[in-house]
Protein chains: 2
Amino acid sequence: MNLISILNNIAPLSTEVQQEIIGLFKKECLPRHHLLHRNGDLCNKLYFVEKGLLRIFYYNDLGKDITYRFQEENQFHTVIDSYFQQKPSLYNVEALEDSILYSMPLSELDKLREKHLSLQKVYIFVLQHFLLENSERITALQFHSAQERYNTLMEKQPLIIQRAPLGHIASYLGITQETLSRIRSRIYS
Amino acid sequence: MNLISILNNIAPLSTEVQQEIIGLFKKECLPRHHLLHRNGDLCNKLYFVEKGLLRIFYYNDLGKDITYRFQEENQFHTVIDSYFQQKPSLYNVEALEDSILYSMPLSELDKLREKHLSLQKVYIFVLQHFLLENSERITALQFHSAQERYNTLMEKQPLIIQRAPLGHIASYLGITQETLSRIRSRIYS
DNA sequence: GGCTATTTTTGACATAAATCAAAAAGTGCA
DNA sequence: TGCACTTTTTGATTTATGTCAAAAATAGCC
(Lines give C-alpha, C1' and ligand atoms only; values in the text may rest on other atoms or scores of the structure.)
Protein backbone atom coordinates (compact mmCIF):
# COMPACT_ATOMS: atom_id res chain seq x y z
CA MET A 1 0.00 0.00 0.00
CA ASN A 2 0.98 3.51 -0.80
CA LEU A 3 -0.37 4.40 2.59
CA ILE A 4 2.53 2.84 4.45
CA SER A 5 5.19 4.68 2.53
CA ILE A 6 3.40 7.95 3.15
CA LEU A 7 3.22 7.27 6.87
CA ASN A 8 6.83 6.22 6.88
CA ASN A 9 7.82 9.46 5.28
CA ILE A 10 6.22 11.43 8.06
CA ALA A 11 7.68 9.39 10.90
CA PRO A 12 9.59 6.13 10.53
CA LEU A 13 7.54 3.15 11.62
CA SER A 14 8.79 -0.20 12.84
CA THR A 15 7.89 -3.24 10.72
CA GLU A 16 5.70 -4.39 13.56
CA VAL A 17 3.67 -1.18 13.55
CA GLN A 18 3.43 -1.29 9.78
CA GLN A 19 2.04 -4.82 9.91
CA GLU A 20 -0.45 -3.84 12.54
CA ILE A 21 -1.69 -0.92 10.47
CA ILE A 22 -2.02 -3.01 7.35
CA GLY A 23 -4.04 -5.51 9.34
CA LEU A 24 -6.47 -2.87 10.49
CA PHE A 25 -7.16 -1.01 7.28
CA LYS A 26 -9.89 -2.51 5.17
CA LYS A 27 -10.16 -1.87 1.47
CA GLU A 28 -13.42 -0.29 0.32
CA CYS A 29 -14.40 0.22 -3.29
CA LEU A 30 -17.08 2.80 -3.71
CA PRO A 31 -18.97 3.73 -6.85
CA ARG A 32 -19.30 7.30 -8.02
CA HIS A 33 -21.94 9.26 -6.10
CA HIS A 34 -21.83 6.93 -3.13
CA LEU A 35 -22.57 8.78 0.11
CA LEU A 36 -20.09 7.57 2.74
CA HIS A 37 -21.34 9.77 5.50
CA ARG A 38 -24.55 11.65 6.13
CA ASN A 39 -24.93 14.71 8.33
CA GLY A 40 -26.38 13.95 11.71
CA ASP A 41 -24.43 10.70 11.90
CA LEU A 42 -21.40 10.02 14.00
CA CYS A 43 -18.36 9.31 11.92
CA ASN A 44 -16.51 6.27 13.15
CA LYS A 45 -13.91 5.67 10.48
CA LEU A 46 -10.63 7.02 9.35
CA TYR A 47 -10.16 6.87 5.60
CA PHE A 48 -7.21 6.96 3.31
CA VAL A 49 -7.96 7.81 -0.31
CA GLU A 50 -5.99 5.42 -2.49
CA LYS A 51 -7.78 6.28 -5.71
CA GLY A 52 -10.66 8.62 -6.49
CA LEU A 53 -12.01 11.79 -5.00
CA LEU A 54 -14.12 12.63 -1.97
CA ARG A 55 -16.19 15.74 -1.43
CA ILE A 56 -17.11 16.97 2.05
CA PHE A 57 -20.14 19.24 2.01
CA TYR A 58 -22.91 20.63 4.16
CA TYR A 59 -26.29 22.21 3.70
CA ASN A 60 -26.55 25.82 4.80
CA ASP A 61 -29.60 27.51 6.39
CA LEU A 62 -31.20 27.84 2.98
CA GLY A 63 -30.64 24.19 2.23
CA LYS A 64 -27.98 24.99 -0.32
CA ASP A 65 -25.26 22.39 -0.80
CA ILE A 66 -21.87 23.90 0.06
CA THR A 67 -18.56 22.14 -0.53
CA TYR A 68 -16.28 22.34 2.47
CA ARG A 69 -13.35 20.57 0.84
CA PHE A 70 -12.15 17.99 -1.64
CA GLN A 71 -10.05 15.04 -0.60
CA GLU A 72 -7.81 13.76 -3.33
CA GLU A 73 -5.55 10.71 -3.64
CA ASN A 74 -3.10 9.97 -0.84
CA GLN A 75 -4.92 12.05 1.71
CA PHE A 76 -6.40 11.00 5.00
CA HIS A 77 -9.96 11.78 5.69
CA THR A 78 -12.30 11.81 8.60
CA VAL A 79 -15.21 13.98 9.61
CA ILE A 80 -13.51 16.26 12.06
CA ASP A 81 -16.44 17.81 13.87
CA SER A 82 -17.80 14.39 14.67
CA TYR A 83 -14.48 12.77 15.59
CA PHE A 84 -13.02 15.61 17.65
CA GLN A 85 -16.20 16.30 19.55
CA GLN A 86 -17.91 12.92 19.44
CA LYS A 87 -21.10 14.42 18.18
CA PRO A 88 -23.29 14.14 15.10
CA SER A 89 -21.71 15.79 12.15
CA LEU A 90 -22.74 18.80 10.13
CA TYR A 91 -21.08 17.32 7.08
CA ASN A 92 -21.86 14.86 4.32
CA VAL A 93 -19.22 13.00 2.38
CA GLU A 94 -19.59 11.57 -1.09
CA ALA A 95 -17.36 9.93 -3.65
CA LEU A 96 -17.21 12.09 -6.75
CA GLU A 97 -15.62 9.28 -8.72
CA ASP A 98 -15.36 5.52 -8.39
CA SER A 99 -12.96 5.37 -5.48
CA ILE A 100 -10.74 2.98 -3.61
CA LEU A 101 -10.39 3.79 0.05
CA TYR A 102 -8.77 2.13 3.02
CA SER A 103 -10.72 2.52 6.20
CA MET A 104 -10.09 1.83 9.86
CA PRO A 105 -12.41 2.32 12.83
CA LEU A 106 -11.55 5.50 14.70
CA SER A 107 -11.58 3.48 17.91
CA GLU A 108 -8.67 1.50 16.49
CA LEU A 109 -6.90 4.65 15.52
CA ASP A 110 -7.22 5.89 19.08
CA LYS A 111 -5.76 2.66 20.41
CA LEU A 112 -2.90 2.69 17.93
CA ARG A 113 -2.03 6.26 18.84
CA GLU A 114 -1.99 5.33 22.52
CA LYS A 115 0.24 2.38 21.85
CA HIS A 116 2.73 3.75 19.36
CA LEU A 117 4.39 7.09 19.85
CA SER A 118 5.40 7.10 16.21
CA LEU A 119 1.75 7.05 15.13
CA GLN A 120 0.85 9.80 17.54
CA LYS A 121 3.49 11.84 15.73
CA VAL A 122 2.05 11.04 12.36
CA TYR A 123 -1.34 12.09 13.63
CA ILE A 124 0.04 15.40 14.85
CA PHE A 125 1.72 15.95 11.53
CA VAL A 126 -1.54 15.46 9.69
CA LEU A 127 -3.39 17.81 12.03
CA GLN A 128 -0.75 20.47 11.57
CA HIS A 129 -0.91 20.06 7.84
CA PHE A 130 -4.65 20.62 7.76
CA LEU A 131 -4.34 23.55 10.12
CA LEU A 132 -1.88 25.28 7.83
CA GLU A 133 -4.03 24.57 4.83
CA ASN A 134 -7.07 25.99 6.58
CA SER A 135 -5.29 29.13 7.59
CA GLU A 136 -4.28 29.74 4.00
CA ARG A 137 -7.87 29.29 3.01
CA ILE A 138 -9.03 31.79 5.59
CA THR A 139 -6.52 34.28 4.25
CA ALA A 140 -7.80 33.74 0.74
CA LEU A 141 -11.43 34.10 1.73
CA GLN A 142 -10.69 37.19 3.78
CA PHE A 143 -9.52 39.40 0.98
CA HIS A 144 -8.77 37.67 -2.28
CA SER A 145 -11.13 38.20 -5.19
CA ALA A 146 -13.06 35.34 -6.75
CA GLN A 147 -10.58 35.31 -9.61
CA GLU A 148 -7.63 35.10 -7.25
CA ARG A 149 -9.18 32.28 -5.27
CA TYR A 150 -9.79 30.42 -8.50
CA ASN A 151 -6.18 30.93 -9.53
CA THR A 152 -4.99 29.59 -6.19
CA LEU A 153 -7.13 26.50 -6.57
CA MET A 154 -5.73 25.98 -10.07
CA GLU A 155 -2.25 25.99 -8.57
CA LYS A 156 -2.97 23.78 -5.57
CA GLN A 157 -5.41 21.27 -6.96
CA PRO A 158 -5.37 21.74 -10.74
CA LEU A 159 -7.10 18.46 -11.43
CA ILE A 160 -10.16 19.36 -9.39
CA ILE A 161 -11.31 21.57 -12.24
CA GLN A 162 -11.70 18.55 -14.46
CA ARG A 163 -12.84 16.13 -11.82
CA ALA A 164 -15.57 18.00 -9.98
CA PRO A 165 -18.66 19.72 -11.35
CA LEU A 166 -18.65 23.48 -11.55
CA GLY A 167 -21.23 24.01 -8.81
CA HIS A 168 -19.18 22.08 -6.27
CA ILE A 169 -16.07 24.04 -7.07
CA ALA A 170 -17.92 27.33 -6.95
CA SER A 171 -19.29 26.76 -3.47
CA TYR A 172 -15.85 25.60 -2.32
CA LEU A 173 -14.51 28.95 -3.48
CA GLY A 174 -17.37 30.80 -1.85
CA ILE A 175 -18.91 32.05 -5.08
CA THR A 176 -21.87 31.16 -7.27
CA GLN A 177 -21.67 28.83 -10.17
CA GLU A 178 -22.48 31.62 -12.61
CA THR A 179 -19.59 33.72 -11.36
CA LEU A 180 -17.22 30.77 -11.69
CA SER A 181 -18.42 30.12 -15.20
CA ARG A 182 -17.73 33.75 -16.11
CA ILE A 183 -14.29 33.61 -14.52
CA ARG A 184 -13.44 30.61 -16.64
CA SER A 185 -14.57 32.35 -19.80
CA ARG A 186 -12.48 35.40 -18.87
CA ILE A 187 -15.27 37.96 -18.79
CA TYR A 188 -13.47 39.07 -15.69
CA SER A 189 -9.81 39.65 -16.58
CA MET B 1 -1.13 29.51 37.53
CA ASN B 2 -4.40 29.20 35.72
CA LEU B 3 -2.44 27.48 33.01
CA ILE B 4 -2.00 24.29 35.00
CA SER B 5 -5.66 23.86 35.76
CA ILE B 6 -6.50 24.35 32.11
CA LEU B 7 -3.99 21.71 31.07
CA ASN B 8 -5.25 19.40 33.75
CA ASN B 9 -8.75 19.75 32.47
CA ILE B 10 -7.71 18.58 29.05
CA ALA B 11 -5.67 15.60 30.24
CA PRO B 12 -4.77 14.88 33.86
CA LEU B 13 -1.11 15.58 34.59
CA SER B 14 1.04 14.06 37.28
CA THR B 15 2.40 16.43 39.92
CA GLU B 16 5.84 15.80 38.52
CA VAL B 17 4.82 16.93 35.05
CA GLN B 18 3.04 19.94 36.49
CA GLN B 19 6.17 20.98 38.35
CA GLU B 20 8.28 20.55 35.27
CA ILE B 21 5.94 22.75 33.24
CA ILE B 22 5.84 25.46 35.87
CA GLY B 23 9.61 25.44 35.91
CA LEU B 24 9.82 25.98 32.17
CA PHE B 25 7.28 28.74 31.67
CA LYS B 26 8.62 32.23 32.18
CA LYS B 27 6.38 35.14 32.99
CA GLU B 28 6.49 38.03 30.53
CA CYS B 29 4.79 41.35 31.06
CA LEU B 30 4.34 43.26 27.86
CA PRO B 31 3.10 46.79 27.39
CA ARG B 32 0.31 47.63 24.98
CA HIS B 33 1.48 47.81 21.37
CA HIS B 34 4.51 45.66 22.02
CA LEU B 35 5.42 43.58 18.97
CA LEU B 36 6.24 40.06 20.16
CA HIS B 37 6.94 38.66 16.75
CA ARG B 38 7.79 40.16 13.41
CA ASN B 39 7.15 38.57 10.03
CA GLY B 40 10.22 37.00 8.52
CA ASP B 41 11.40 35.81 11.91
CA LEU B 42 11.33 32.28 13.21
CA CYS B 43 9.03 31.91 16.17
CA ASN B 44 10.67 29.97 18.95
CA LYS B 45 8.24 30.31 21.81
CA LEU B 46 4.98 28.92 22.96
CA TYR B 47 2.84 31.45 24.81
CA PHE B 48 -0.02 31.24 27.18
CA VAL B 49 -2.09 34.39 27.57
CA GLU B 50 -2.75 34.91 31.26
CA LYS B 51 -4.05 38.45 30.91
CA GLY B 52 -4.43 40.76 27.95
CA LEU B 53 -4.98 40.32 24.27
CA LEU B 54 -2.79 39.37 21.33
CA ARG B 55 -3.40 40.10 17.69
CA ILE B 56 -1.89 38.00 14.91
CA PHE B 57 -1.75 39.87 11.62
CA TYR B 58 -0.02 39.96 8.28
CA TYR B 59 0.53 42.41 5.46
CA ASN B 60 -1.10 41.52 2.17
CA ASP B 61 0.28 42.20 -1.33
CA LEU B 62 -0.87 45.80 -1.09
CA GLY B 63 0.82 46.23 2.26
CA LYS B 64 -2.51 46.36 4.06
CA ASP B 65 -2.54 45.11 7.62
CA ILE B 66 -4.91 42.14 7.94
CA THR B 67 -5.84 40.55 11.25
CA TYR B 68 -5.61 36.78 11.13
CA ARG B 69 -6.91 36.21 14.65
CA PHE B 70 -7.18 37.47 18.20
CA GLN B 71 -5.84 35.50 21.13
CA GLU B 72 -7.66 36.19 24.35
CA GLU B 73 -7.05 35.14 27.95
CA ASN B 74 -6.42 31.46 28.71
CA GLN B 75 -5.45 30.60 25.19
CA PHE B 76 -2.23 29.17 23.91
CA HIS B 77 -0.43 30.93 21.16
CA THR B 78 2.35 30.28 18.78
CA VAL B 79 3.04 31.27 15.21
CA ILE B 80 1.93 28.16 13.42
CA ASP B 81 3.45 28.61 10.00
CA SER B 82 6.85 29.12 11.54
CA TYR B 83 6.59 26.36 14.15
CA PHE B 84 5.05 23.68 11.98
CA GLN B 85 7.32 24.27 9.04
CA GLN B 86 10.38 25.70 10.73
CA LYS B 87 10.48 28.64 8.41
CA PRO B 88 10.22 32.43 8.66
CA SER B 89 6.72 33.49 9.43
CA LEU B 90 4.25 35.49 7.41
CA TYR B 91 2.69 36.79 10.59
CA ASN B 92 3.25 39.54 13.11
CA VAL B 93 2.03 39.40 16.66
CA GLU B 94 1.33 42.34 18.89
CA ALA B 95 -0.16 42.93 22.32
CA LEU B 96 -3.29 45.03 21.98
CA GLU B 97 -3.34 45.66 25.72
CA ASP B 98 -0.86 45.48 28.55
CA SER B 99 -0.51 41.72 28.78
CA ILE B 100 0.85 39.03 31.05
CA LEU B 101 2.05 35.99 29.18
CA TYR B 102 3.82 32.80 30.11
CA SER B 103 6.30 31.64 27.55
CA MET B 104 8.35 28.53 26.98
CA PRO B 105 10.86 27.79 24.21
CA LEU B 106 9.30 25.61 21.55
CA SER B 107 12.34 23.34 21.78
CA GLU B 108 11.32 22.63 25.38
CA LEU B 109 7.76 21.98 24.31
CA ASP B 110 9.02 19.44 21.81
CA LYS B 111 11.05 17.71 24.49
CA LEU B 112 8.16 17.68 26.95
CA ARG B 113 5.84 16.20 24.36
CA GLU B 114 8.37 13.45 23.63
CA LYS B 115 8.75 12.69 27.29
CA HIS B 116 5.17 12.85 28.53
CA LEU B 117 2.33 11.16 26.70
CA SER B 118 -0.14 13.27 28.66
CA LEU B 119 1.30 16.46 27.21
CA GLN B 120 1.27 15.06 23.72
CA LYS B 121 -2.46 14.57 24.27
CA VAL B 122 -2.94 18.11 25.44
CA TYR B 123 -1.11 19.29 22.37
CA ILE B 124 -3.38 17.25 20.13
CA PHE B 125 -6.40 18.62 21.89
CA VAL B 126 -5.30 22.18 21.27
CA LEU B 127 -4.58 21.46 17.60
CA GLN B 128 -7.99 19.90 17.17
CA HIS B 129 -9.61 22.85 18.86
CA PHE B 130 -7.99 25.32 16.48
CA LEU B 131 -8.83 23.13 13.52
CA LEU B 132 -12.51 23.15 14.40
CA GLU B 133 -12.45 26.86 14.98
CA ASN B 134 -10.81 27.43 11.62
CA SER B 135 -13.31 25.30 9.79
CA GLU B 136 -16.15 27.31 11.27
CA ARG B 137 -14.43 30.41 10.11
CA ILE B 138 -14.08 29.06 6.60
CA THR B 139 -17.77 28.26 6.57
CA ALA B 140 -18.58 31.78 7.68
CA LEU B 141 -16.34 33.39 5.10
CA GLN B 142 -17.65 31.15 2.35
CA PHE B 143 -21.24 32.34 2.41
CA HIS B 144 -22.21 34.41 5.40
CA SER B 145 -22.84 38.11 4.91
CA ALA B 146 -20.75 40.73 6.66
CA GLN B 147 -23.59 41.25 9.11
CA GLU B 148 -23.80 37.54 9.91
CA ARG B 149 -20.07 37.28 10.43
CA TYR B 150 -20.21 40.22 12.77
CA ASN B 151 -23.04 38.61 14.72
CA THR B 152 -21.04 35.41 15.04
CA LEU B 153 -18.06 37.29 16.37
CA MET B 154 -20.31 39.06 18.87
CA GLU B 155 -21.42 35.66 20.13
CA LYS B 156 -18.02 34.02 20.23
CA GLN B 157 -15.78 36.83 21.37
CA PRO B 158 -18.10 39.62 22.52
CA LEU B 159 -15.38 41.50 24.34
CA ILE B 160 -13.25 41.90 21.24
CA ILE B 161 -15.58 44.65 20.09
CA GLN B 162 -14.57 46.79 23.03
CA ARG B 163 -10.98 45.71 23.21
CA ALA B 164 -9.75 45.98 19.63
CA PRO B 165 -9.90 48.92 17.25
CA LEU B 166 -12.49 48.80 14.50
CA GLY B 167 -10.01 48.39 11.68
CA HIS B 168 -8.51 45.28 13.21
CA ILE B 169 -11.90 43.69 13.69
CA ALA B 170 -12.99 44.61 10.18
CA SER B 171 -10.03 42.93 8.52
CA TYR B 172 -10.52 39.89 10.76
CA LEU B 173 -14.06 39.65 9.40
CA GLY B 174 -12.87 40.19 5.85
CA ILE B 175 -14.56 43.53 5.37
CA THR B 176 -13.54 47.18 5.32
CA GLN B 177 -13.66 49.38 8.33
CA GLU B 178 -16.34 51.56 6.76
CA THR B 179 -18.62 48.59 6.24
CA LEU B 180 -18.12 47.48 9.82
CA SER B 181 -18.91 50.96 11.06
CA ARG B 182 -22.14 50.94 9.08
CA ILE B 183 -23.06 47.51 10.38
CA ARG B 184 -22.65 48.74 13.91
CA SER B 185 -24.84 51.75 13.27
CA ARG B 186 -27.50 49.49 11.79
CA ILE B 187 -27.73 51.06 8.37
CA TYR B 188 -27.80 47.45 7.33
CA SER B 189 -30.59 45.68 9.20
C1' DG C 1 -7.39 70.94 29.87
C1' DG C 2 -6.55 72.14 25.42
C1' DC C 3 -4.44 70.43 21.02
C1' DT C 4 -2.79 66.96 17.76
C1' DA C 5 -3.16 62.62 16.10
C1' DT C 6 -5.69 58.81 15.53
C1' DT C 7 -9.96 56.37 14.99
C1' DT C 8 -14.67 56.20 13.65
C1' DT C 9 -18.52 57.77 11.16
C1' DT C 10 -20.92 59.50 7.27
C1' DG C 11 -21.67 60.45 2.32
C1' DA C 12 -21.46 59.84 -2.68
C1' DC C 13 -20.26 56.85 -5.96
C1' DA C 14 -18.14 52.53 -8.19
C1' DT C 15 -17.87 47.68 -8.75
C1' DA C 16 -17.62 42.68 -7.95
C1' DA C 17 -20.48 39.32 -7.47
C1' DA C 18 -25.39 37.67 -6.60
C1' DT C 19 -29.84 36.75 -8.45
C1' DC C 20 -33.17 35.39 -11.71
C1' DA C 21 -34.10 33.56 -16.04
C1' DA C 22 -33.44 31.26 -20.16
C1' DA C 23 -30.56 29.30 -23.78
C1' DA C 24 -26.86 26.16 -24.96
C1' DA C 25 -24.02 22.33 -24.27
C1' DG C 26 -23.01 17.96 -22.44
C1' DT C 27 -24.22 13.28 -20.58
C1' DG C 28 -26.39 9.04 -19.89
C1' DC C 29 -29.17 5.62 -21.18
C1' DA C 30 -33.29 3.08 -23.49
C1' DT D 1 -29.27 7.54 -32.29
C1' DG D 2 -32.34 10.23 -30.08
C1' DC D 3 -34.42 12.08 -26.05
C1' DA D 4 -34.65 13.53 -21.24
C1' DC D 5 -31.90 15.26 -17.69
C1' DT D 6 -28.23 17.65 -15.87
C1' DT D 7 -24.65 21.01 -16.12
C1' DT D 8 -22.76 25.09 -17.97
C1' DT D 9 -23.05 29.41 -20.20
C1' DT D 10 -24.93 33.82 -21.20
C1' DG D 11 -27.77 37.99 -20.38
C1' DA D 12 -30.09 41.59 -17.74
C1' DT D 13 -30.61 43.47 -13.41
C1' DT D 14 -29.86 44.09 -8.37
C1' DT D 15 -27.33 44.34 -4.26
C1' DA D 16 -23.79 44.16 -0.87
C1' DT D 17 -19.71 45.86 -0.12
C1' DG D 18 -15.60 48.56 -1.60
C1' DT D 19 -13.38 53.03 -2.55
C1' DC D 20 -12.37 57.70 -1.89
C1' DA D 21 -13.02 61.75 0.70
C1' DA D 22 -14.15 64.54 4.41
C1' DA D 23 -16.37 65.44 8.83
C1' DA D 24 -17.00 64.03 13.59
C1' DA D 25 -15.57 61.80 17.60
C1' DT D 26 -12.15 60.00 20.63
C1' DA D 27 -7.74 59.38 22.77
C1' DG D 28 -3.10 60.49 23.97
C1' DC D 29 -0.15 63.78 25.77
C1' DC D 30 2.64 68.30 26.91
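In what follows, chains are A, B, ... by sequence order, proteins preceding strands, each numbered from 1.
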TODO: Mind calculating the distance between CD (A:Gln177) and C1' (C:dA21) to the nearest angstrom?
DONE: 14 Å
- [ ] Check the distance between D:dT19's P and B:Leu62's CG and give it to me in whole angstrom.
- [x] 9 Å
Task: Test item: B:Met104 and B:Leu112 side chains (from C-beta on) under 4.5 Å apart, heavy atoms - done: yes
Task: Listed nucleotide nearest any side-chain atom of A:Glu178, set C:dT19, D:dT8, C:dT8 - done: C:dT19
Open item on the list: With a cut-off of less than 4.0 Å, is there a side-chain N or O of A:Thr179 near OP1 or OP2 of C:dA17?
Closed with: no
- [ ] Please write out which residues are connected to A:Ile100 in a hydrophobic cluster, directly or through intermediates, given that two of Ile, Leu, Val, Met, Phe, Trp, Tyr count as joined at side-chain heavy-atom separations below 4.5 angstrom.
- [x] none
Open item on the list: Does a side-chain N or O of B:Thr176 approach OP1 or OP2 of D:dG18 to a distance below 4.0 Å, or not?
Closed with: yes
Open item on the list: What is the separation between atom NE2 on A:His33 and atom P on D:dC5, rounded to the nearest whole Å?
Closed with: 17 Å
Throw together a table of side-chain donor-acceptor distances under 3.5 angstrom for residues 58-65 of chain A, partners on residues two or more places apart or in other chains.
from    : atom 1 : to       : atom 2 : distance (Å)
A:Tyr58 : OH     : B:Gln142 : OE1    : 3.1
A:Asn60 : OD1    : A:Leu62  : N      : 3.0
A:Asn60 : OD1    : A:Gly63  : N      : 3.2
A:Asn60 : OD1    : A:Lys64  : N      : 2.9
A:Asp65 : OD1    : A:Arg55  : NH1    : 2.9
A:Asp65 : OD2    : A:Arg55  : NH2    : 2.9

Task: Side chain of A:Arg149 (C-beta onward), nearest among C:dT8, D:dT8, C:dA17 - done: C:dA17
Produce the list of close N/O pairs, under 3.5 Å, pairing protein atoms with atoms of nucleotides 26-30 of chain D; give distances to one decimal.
from   : atom 1 : to      : atom 2 : distance (Å)
D:dG28 : OP1    : B:Arg32 : NH1    : 2.9

- [ ] May I ask you to test the B:Leu159-B:Gln162 pair for a side-chain heavy-atom distance under 4.5 Å?
- [x] yes
Task: Interatomic distance, B:His144 NE2 vs D:dA16 C1' [rounded to whole Å] - done: 16 Å
TODO: Starting from B:Leu117, walk the hydrophobic network (Ile, Leu, Val, Met, Phe, Trp, Tyr; side-chain heavy atoms closer than 4.5 Å) and list everyone else you reach, by chain and number.
DONE: A:Leu117
Task: B:Asp65 CG to C:dT7 P, straight-line distance once rounded to whole Å - done: 11 Å
Open item on the list: Once side chain to side chain contact (heavy atoms under 4.5 Å, CB included) is applied, do any residues pair with A:Ser145, and if so which ones, sequence neighbours excluded?
Closed with: A:Gln147, A:Glu148
Open item on the list: So, OP1 or OP2 of D:dT10: does either fall under 4.0 Å of a side-chain N or O from A:Ser185?
Closed with: yes
TODO: Rounded to 10°, tell me the angle between the two end axes of the helix from C:dG1-D:dC30 to C:dA30-D:dT1, each built from five pairs.
DONE: 50°
Task: Nucleotide C:dT8, atom C1' - distance to CD of B:Gln162 in whole Å - done: 16 Å
Going by atom type alone, with no hydrogens or angles, which donor-acceptor pairs under 3.5 Å involve a side-chain atom of residues 124-141 of chain A and a protein atom two or more places apart or on another chain?
from     : atom 1 : to       : atom 2 : distance (Å)
A:Gln128 : NE2    : B:Tyr123 : OH     : 2.6
A:His129 : NE2    : A:Glu133 : OE2    : 3.3
A:Glu133 : OE1    : A:Arg69  : NH1    : 2.6
A:Glu133 : OE1    : A:Arg69  : NH2    : 3.0
A:Asn134 : ND2    : A:Tyr68  : OH     : 3.4
A:Ser135 : OG     : A:Leu131 : O      : 3.1
A:Ser135 : OG     : A:Leu132 : O      : 2.9
A:Glu136 : OE1    : A:Lys156 : NZ     : 2.5
A:Arg137 : NH1    : A:Tyr68  : O      : 2.7
A:Arg137 : NH2    : A:Tyr68  : O      : 3.2
A:Arg137 : NH2    : A:Tyr172 : O      : 3.0
A:Thr139 : OG1    : A:Ser135 : O      : 3.0

Hey, what are the protein-to-nucleotides 12-14 of chain C N/O distances that come in under 3.5 Å?
from   : atom 1 : to       : atom 2 : distance (Å)
C:dA12 : N6     : B:Arg182 : NH2    : 3.3

May I have the list of side-chain donor-acceptor pairs in residues 86-93 of chain A shorter than 3.5 Å, sequence neighbours left out?
from    : atom 1 : to      : atom 2 : distance (Å)
A:Gln86 : NE2    : A:Tyr83 : O      : 3.1
A:Ser89 : OG     : A:Asp81 : OD1    : 2.9
A:Ser89 : OG     : A:Asp81 : OD2    : 3.4
A:Ser89 : OG     : A:Tyr91 : N      : 2.8
A:Asn92 : OD1    : A:Asn39 : N      : 2.9
A:Asn92 : OD1    : A:Asn39 : ND2    : 3.4

Task: Note: B:Arg113-B:Asp110 ion pair, threshold 4.0 Å (strictly below) - done: yes
Task: For atom CZ of A:Arg184 and atom C1' of D:dT7, their distance in whole Å - done: 10 Å
Which atom pairs, donor and acceptor, lie under 3.5 Å between side-chain atoms of residues 22-36 of chain B and protein residues at least two apart or in another chain?
from    : atom 1 : to       : atom 2 : distance (Å)
B:Glu28 : OE2    : B:Lys45  : NZ     : 2.9
B:Glu28 : OE2    : B:Ser103 : OG     : 2.6
B:Arg32 : NE     : B:Leu96  : O      : 3.4

Open item on the list: For B:Lys111, give me all partners under side chain to side chain contact (heavy atoms under 4.5 Å, CB included), at least two apart in sequence or on another chain.
Closed with: B:Glu108
Mind listing the side-chain donor-acceptor pairs of residues 6-18 of chain A below 3.5 Å, one per line with the distance, residues two or more places apart or on another chain?
from    : atom 1 : to      : atom 2 : distance (Å)
A:Asn8  : OD1    : A:Leu13 : N      : 2.9
A:Ser14 : OG     : A:Val17 : N      : 3.2
A:Gln18 : NE2    : A:Leu13 : O      : 3.1

Task: Atom-to-atom span, CD of A:Gln147 to P of C:dA16 - whole angstrom - done: 11 Å
